[in-house]
Participant: 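One structure is given below, represented as structure tokens, and several questions about it will come after.
Scope of the values below: all heavy atoms of this structure, side chains included, with no hydrogens, waters or symmetry mates. Positions are given from 1, in the same order as the sequence printed here. Counting convention: from 1, in listed order, for ligands and their atoms alike.
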Amino acid sequence: MNFKTSRSEALIVLEKYIDEDISNYTSQRNFDLGPHERKNISCLSPYITHRLISEFEVAKKVLSKHPYQRVEKFIQEIFWRVYWKGWLELRPKVWTDFVEDLKNIENSNDYKKAINGETNIDCFNDWIKELKENNYLHNHTRMWFASIWIFTLNLPWQKGAEFFLRELYDGDAASNTLSWRWVAGIQTKGKNYIAQNWNINKFTNNKYRDLKLNENPHPVIDQRDYKILPIKINDTEKKSNRLVFFENELDFKIFNTNNYKTIYCILLSNEERQVELGGKVLEYKKNLIKNQIQKSVLKIEFIGGNKFIELSNSEKNFDVIYPSVGENMSFLKRAIKKNNLMINYLTRDEDKYCWQFSNKGYFNFKSNIPKILSKFKLN
Ligand SMILES: Cc1cc2nc3c(=O)[nH]c(=O)nc-3n(C[C@H](O)[C@H](O)[C@H](O)COP(=O)(O)OP(=O)(O)OC[C@H]3O[C@@H](n4cnc5c(N)ncnc54)[C@H](O)[C@@H]3O)c2cc1C
């Protein structure tokens, strides 16, 4: 698999997918035919995760060429991501608890064997190799992988979520953490996702026959309840002469960026992260940023987290493109506290509008998709 590193290339991938392959999505999307056979899905997630292209832009382009009924499933999957982001925004403690949990879990020998692909489950070992090689796994495979990790290998879901974040090019705090919780049976309490041999065999075209999996597991129990908190994001008007954005909001041009004296793009190093990333993932992010900056007429400084802390010893006011709950936001919160910063967030109207519908389950969110599409003239 060959993931692109510039917006123009990502747009070509999107256009090609819409013109040539999207019509098979509903019937074929669940098949994982291997990394060389990916036409049944879009493989857009690394671009969408970094907002090189946004969910809304994808939806608009798709619906400019196809009637809603024919691409409904694809649009709904795009909005799964929006839903998860909103869900985490409303319950940010789920992220901070996940990070805290990790600090108290040892790297057991079974864990080390698993991440080295040394288990006695062939498909799992293959997926470890595939993930490390391509920094991507098919959605169905992510579900099987997580289920086997939790229920057959008896490993903590948090370590699996950490491993995915480290290796995936599309690693995202909301989609990843909440999907792992969903497989474990704590996102929808008591409903775990169980990987079954017949299902894996069917959707890999008979690749894996005699797997010994725990097909009767109980869901993971987690007593913690998360109350919905109001999203407190202040103004969206320009207030400072300094603009900051992170690597997960790379299409910064959609904001009014013209009148800033200085613009910084921050990529956190592993020392500045709570969940470390693999070398290839950091390199991928670096290349995305470099390409975006080079193509811009604006002068943008590419800095690390330490440099931002240093700058904010003297400068206290920044406009920041809202990075959403996750690693970048946690870093920012630490910086705000340390240096007493005044941050003014720039947000997308679409995000703020959609996130209000993440207060309940996806079924409820989904029923609002037509409203969202028409409000933002996406259809
Ligand atoms: C355990 C687990 C961990 C996951 N971790 C991540 C992650 O870190 N980052 C991430 O972007 N996705 C994650 N997903 C969701 C999903 O697997 C990927 O978004 C999808 O496989 C990306 O491939 P694609 O672009 O070809 O998707 P397509 O099927 O072509 O879908 C198009 C787009 O819709 C969105 N999307 C599709 N399915 C989902 C879904 N189930 N949840 C959220 N968004 C979805 C993605 O942005 C995707 O690019 C995870 C799923 C599971 C089960």
Participant: List every atom of ligand 1 that sits less than 4.0 Å from any heavy atom of G171, numbering the atoms from 1 in the order shown and giving each element.
Facilitator: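 In order of numbering, the contacting atoms are 8 (O).
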Participant: Would you say D172 and ligand 1 have an N/O pair spaced under 3.5 Å apart?
Facilitator: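 Yes, D172 has an N/O under 3.5 Å of an N/O on ligand 1.
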Participant: Going by the atom numbers of ligand 1, which of them fall below 4.0 Å from some non-hydrogen atom of F164?
Facilitator: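 Every atom of ligand 1 under 4.0 Å from some heavy atom of F164: 1 (C), 3 (C).
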Participant: Among all protein heavy atoms, pick the one closest to atom 29 (O) of ligand 1 and tell me residue, atom and distance.
Facilitator: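 Of the protein heavy atoms, Y25 OH, 2.6 Å lies nearest.
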Participant: What protein heavy atom lies closest to atom 46 (C) of ligand 1? Include the residue and the distance to one decimal.
Facilitator: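 Nearest protein contact, heavy atoms only, for atom 46 (C) of ligand 1 is S45 CB, 4.4 Å.
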Participant: Taking H138 for its side chain and R38 for its backbone only, find out whether a donor-acceptor pair lies under 3.5 Å.
Facilitator: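 It does not hold such a pair.
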Participant: Considering R142, E167, M143, E77 one by one, which has a heavy atom nearer to atom 50 (C) of ligand 1 than any of the others?
Facilitator: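 Closest candidate by heavy-atom distance is R142.
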Participant: Does the ring center of Y83 lie less than 6.0 Å from the ring center of F357?
Facilitator: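 No, ring centres 6.0 Å or more apart.
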Participant: Could you check atom 3 (C) of ligand 1 against the protein and tell me its nearest heavy-atom contact, residue, atom and distance included?
Facilitator: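 Residue, atom and distance for the closest contact: N176 OD1, 3.4 Å.
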Participant: Honestly, is K4 close enough over Y47, meaning NZ or CZ under 6.0 Å from the six-membered ring centre and within 45° of the axis?
Facilitator: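 So K4 doesn't make the cation-pi contact.
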Participant: Can you say whether the rings of W127 and Y208 are parallel (under 30°), tilted (30 to 60°) or perpendicular (over 60°)?
Facilitator: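 Geometry flag for Y208 against W127: perpendicular rings.
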Participant: Among D251, L250, N291, whose side-chain contact (heavy atoms from CB on, under 4.5 Å) with L52 holds?
Facilitator: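 With L52 as partner, side-chain contact (heavy atoms from CB on, under 4.5 Å) holds for just one option, L250.
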Participant: I need the atoms of ligand 1 closer than 4.0 Å to a non-hydrogen atom of W180, numbered in the order shown.
Facilitator: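 That gives atoms 1 (C) of ligand 1.
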Participant: Can you tell me the protein heavy atom closest to atom 11 (O) of ligand 1 and the distance?
Facilitator: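 Residue, atom and distance for the closest contact: T49 OG1, 3.5 Å.
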Participant: Kindly say whether the aromatic ring centers of F376 and Y353 come within a distance under 6.0 Å.
Facilitator: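 Judged by ring-centre distance (under 6.0 Å), F376 and Y353 do meet the cut-off.
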Participant: I'd like to know whether ligand 1 has I78 as a neighbour, heavy-atom separation below 4.0 Å.
Facilitator: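 Contact present.
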Participant: Between F302 and Y264, does the ring centroid distance fall short of 6.0 Å?
Facilitator: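 Between Y264 and F302, which both carry aromatic rings, the centre distance is not below 6.0 Å.
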Participant: Ignoring angles and geometry beyond distance, decide whether C43 reaches within less than 3.5 Å of ligand 1 through its nitrogen or oxygen atoms.
Facilitator: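 The answer is yes, given that C43 and ligand 1 share an N or O pair closer than 3.5 Å.
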Participant: Using distance alone, decide if ligand 1 has a nitrogen or oxygen within less than 3.5 Å of any nitrogen or oxygen in Y136.
Facilitator: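 Yes: some nitrogen or oxygen of Y136 is under 3.5 Å from one in ligand 1.
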Participant: Measure the distance from atom 16 (C) of ligand 1 to every protein heavy atom, then report the residue, atom name and distance (to 0.1 Å) of the closest one.
Facilitator: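 Atom 16 (C) of ligand 1 sits closest to the protein heavy atom N139 OD1, 3.3 Å.
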Participant: Any salt bridge between E301 and K307, counting N to O under 4.0 Å?
Facilitator: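 K307 and E301: not salt-bridged.
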Participant: Please work out whether any backbone atom (N, CA, C, O) or any side-chain heavy atom from C-beta onward of D170 is under 4.0 Å from ligand 1, and answer side chain, backbone, both or neither.
Facilitator: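 Both parts.
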Participant: Can you tell me the protein heavy atom closest to atom 12 (N) of ligand 1 and the distance?
Facilitator: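 Residue, atom and distance for the closest contact: S175 CB, 3.6 Å.
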Participant: Do K290 and N287 meet the criterion of a side-chain donor-acceptor pair at a distance under 3.5 Å?
Facilitator: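 No pair is found: no donor N or O on one side chain lies under 3.5 Å from an acceptor on the other.
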Participant: Do any nitrogen or oxygen atoms of S179 come within less than 3.5 Å of a nitrogen or oxygen of ligand 1?
Facilitator: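 There is no such contact.
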Participant: Among all protein heavy atoms, pick the one closest to atom 47 (O) of ligand 1 and tell me residue, atom and distance.
Facilitator: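 Scanning the protein heavy atoms, the shortest distance from atom 47 (O) of ligand 1 goes to R81 CD, 3.5 Å.
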Participant: Find all atoms of ligand 1 within a distance of less than 4.0 Å from any non-hydrogen atom belonging to F74, and give their numbers and elements.
Facilitator: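 Counting atoms of ligand 1 from 1, those under 4.0 Å from F74 are 30 (O), 32 (C).
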Participant: Does the N or O separation between L44 and ligand 1 drop below 3.5 Å for any pair?
Facilitator: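 Yes, at least one N or O pair falls under 3.5 Å.
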Participant: Taking N248 for the side chain and P323 for the main chain, is one N or O donor matched with an acceptor at less than 3.5 Å?
Facilitator: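 Answer holds: yes.
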Participant: Between I263 and F252, is there a side-chain heavy-atom distance shorter than 4.5 Å?
Facilitator: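 F252 vs I263: side chains apart.
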Participant: Here's a test for you: under side-chain hydrogen bond (donor to acceptor under 3.5 Å, both in side chains), which of K285, R7, E247 qualifies with H50?
Facilitator: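 Going through K285, R7, E247 one by one, the side-chain hydrogen bond (donor to acceptor under 3.5 Å, both in side chains) with H50 is satisfied by K285 alone.
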Participant: Tell me: protein heavy atom nearest atom 40 (C) of ligand 1, and distance?
Facilitator: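 Checked against all protein heavy atoms, atom 40 (C) of ligand 1 sits closest to W80 CB, 4.0 Å.
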